[in-house]
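Below is one structure; the comments refer to it alone.
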Amino acid sequence: MASIDDFQVRALGEGRYEVRKAGRVFATTTDPDWLARMFPGTAPSQPILDALLTETTRVRVWSGGAEDDLLPDAQCLADIDLPAALALFRALLVLAGRAPQAPSTRGPTLELLSAAGERVALLVLGRGQALRWKGLADGWQHYDDGLNGWLEDHGVVQPRAEYFADIRDHKRWLAASDDWYDATPAELSAIVCNDLYAACARGDLRPALAALAMARPKVIDQMRALLRWFGSGVSTWNDFPAYELCAEVLLRTFPWDALLAVVAADTLDDRQLDGATRLLVAAEHTPAFPPWTPRLRIVRPPSVAPIAVPVAAYVRIVAHCRSSERLEPHLAGRFKVLDEAGTGDRQK
């Protein structure tokens, strides 16, 4: 069995081969050299790049991220062969250490060519931060932002735009995290610092619920505190950090009837109403789970079955959504509105 890093190729017979990674089938092929072509076996390194750059007399920039070769629909974004530009390219192509994970989007692809017109290498960029050889396997290396500036000077703006977009997103998520921890109920602060998320993932809610009950003997006050906390997250309802699910997990330990009664009582402020609305339309949420965090096991109402709510609670939620410009098209369909007696449907 041939192998390259964590990949192995095993002959199946009749000209077929199986490629495995970490014991699992990664691909099947009839090409015995497929693995070597798809993944040269090493991550890019500065000495290797420097050696290749001495052979490079032309750089073509293609759209998309190359796999076995350039994508069939790849477009040439730039074609640079001026000696001065190539000298600057060699100086700016500086690696800055291994990237811990693959970028979310890939491309463009740099094709390095020799004086004879032969391909020296294909380098795939990702999010204006990392690069790798062509292929499907890991092996990303961070590179200096100076390369993005060089590409921008030659009309290729995607890498630098993605680079700064990620910086802005990172700062936004850091600010959101600070706001979230500032909004944490005081009695839960110590538990949050000791990783409440991991406790929720294990289903161990007893310390948090006990702290809430000790600080707020009235159940209604506990629910209001958690609703305010859940309403203090990032500004959108469909995409948010996974740690915000801690508030939802704790809220779902209370009976639905009690939660809906709090919403209908007309005593919640805007932040608490934000939390209540997030909770009621939670089946539409898409939390962002980092790969190193466990998924929380949450019992949610199925998205196809509307939640039965009193008319007063429904009116408050819809009015709040409209006033805060957050009314989403699916919102009305999420609720089965009961009449004042709670015995039947009310016309919306």
Side-chain angles (χ1 to χ4, degrees), residues 2-9 17 19-22 24 26-29 31-81 86 89-148 150-151 154 156 158-160 162-163 166:
S3 67
I4 295 180
D5 287 0
D6 350 347
F7 288 81
Q8 296 86 34
V9 179
Y17 299 86
V19 182
R20 286 179 169 264
K21 180 180 182 182
R24 297 186 178 182
F26 184 76
T28 56
T29 178
D31 180 0
D33 298 322
W34 181 86
L35 183 57
R37 289 191 300 105
M38 291 299 284
F39 180 43
T42 57
S45 66
Q46 196 66 53
I48 293 175
L49 278 178
D50 290 342
L52 294 175
L53 289 174
T54 60
E55 304 176 33
T56 301
T57 61
R58 183 180 182 186
V59 176
R60 287 193 295 201
V61 185
W62 297 89
S63 61
E67 293 182 355
D68 187 10
D69 205 331
L70 295 170
L71 298 178
D73 58 349
Q75 297 179 345
C76 186
L77 305 177
D79 192 342
I80 304 106
D81 59 2
L86 292 174
F89 173 72
R90 296 185 189 101
L92 293 175
L93 186 48
V94 178
L95 300 184
R98 189 174 181 86
Q101 62 188 59
S104 56
T105 59
R106 300 169 187 186
T109 296
L110 308 184
E111 183 182 24
L112 311 186
L113 300 168
S114 68
E118 297 176 345
R119 180 180 293 170
V120 175
L122 281 180
L123 291 172
V124 184
L125 307 187
R127 299 298 303 174
Q129 302 173 40
L131 58 79
R132 63 159 167 77
W133 306 121
K134 67 173 183 176
L136 295 176
D138 296 333
W140 292 88
Q141 294 283 332
H142 284 301
Y143 64 83
D144 189 83
D145 179 50
L147 177 61
N148 293 334
W150 182 85
L151 289 167
H154 290 86
V156 183
Q158 175 190 345
R160 173 154 279 189
E162 291 178 336
Y163 176 80
D166 285 351

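Along the sequence shown, the residues carry numbers beginning at 1.
Side-chain contact check for L113 versus R119: some heavy-atom pair is nearer than 4.5 Å. Inter-residue side-chain proximity for V124 and W133 is flagged as unmet; no heavy-atom pair is nearer than 4.5 Å. Within the 4.5 Å cutoff, side-chain heavy atoms of L70 are placed close to those of L122. Residues V59 and L112 have side chains in contact (heavy-atom distance under 4.5 Å, counting atoms from C-beta outward). No side-chain heavy atom of L86 sits under 4.5 Å from any side-chain heavy atom of L53.
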Evaluate L123 against L49 for side chain to side chain contact (heavy atoms under 4.5 Å, CB included), listing each step before the verdict. CA-CA 10 Å; L123 291 172; L49 278 178; 3.8 Å; yes
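Heavy atoms only, all atoms of each residue included: P159 and Y143 are closest at CB-OH, 4.1 Å. The minimum heavy-atom distance linking G64 with T109 is given by the pair O-OG1, 2.8 Å. Considering every non-hydrogen atom in both A99 and A130, the closest pair reads CB-CB, 4.1 Å. Nearest heavy-atom pair, L52 versus A121, reported as atom, atom and distance to 0.1 Å: CD1-CB, 3.9 Å. When every heavy atom of L77 is checked against every heavy atom of P108, the shortest pair comes out as CD1-CB, 4.2 Å. L92 and G146 get closest at one heavy-atom pair: CD1-O, 3.5 Å.
Under the side-chain hydrogen bond (donor to acceptor under 3.5 Å, both in side chains) criterion, W62 pairs with E111, not counting sequence neighbours. For T57, the side chain to side chain contact (heavy atoms under 4.5 Å, CB included) test picks out A115, with sequence neighbours left out. The side chain to side chain contact (heavy atoms under 4.5 Å, CB included) search around E162 returns T105, R127, Q158, not counting sequence neighbours. Applying the side-chain hydrogen bond (donor to acceptor under 3.5 Å, both in side chains) rule to Q141 yields no partners; only residues at least two apart in sequence or on another chain are considered. Residues satisfying the ring pair (Phe, Tyr, Trp, His ring centres under 6.0 Å) criterion with H154, sequence neighbours excluded, are W150.
Rounded to the nearest 0.5 angstrom, Y163 OH and Q129 CD are separated by 7.0 Å. Residue D144 holds its CG atom at 10.0 Å from CG of L95, rounded to the nearest 0.5 Å. To the nearest 0.5 angstrom, L110 atom CG is 12.5 Å from R60 atom CZ. Taking CG of N148 as the start and CG of D145 as the end, the distance is 4.5 Å to the nearest 0.5 Å.
At distances below 3.5 Å, not a single donor-acceptor pair connects side-chain atoms of S114 with backbone N or O atoms of T56.
By the neighbour-count criterion of 12 heavy atoms within 6.0 Å, atom CD of Q75 is sparsely surrounded, having that number or fewer from other residues, nucleotides or ligands.
Within the structure, salt bridge (charged side-chain N to carboxylate O under 4.0 Å, His left out) contacts touching residues 44-59 (residues at least two apart or in different chains) are R58-D79.
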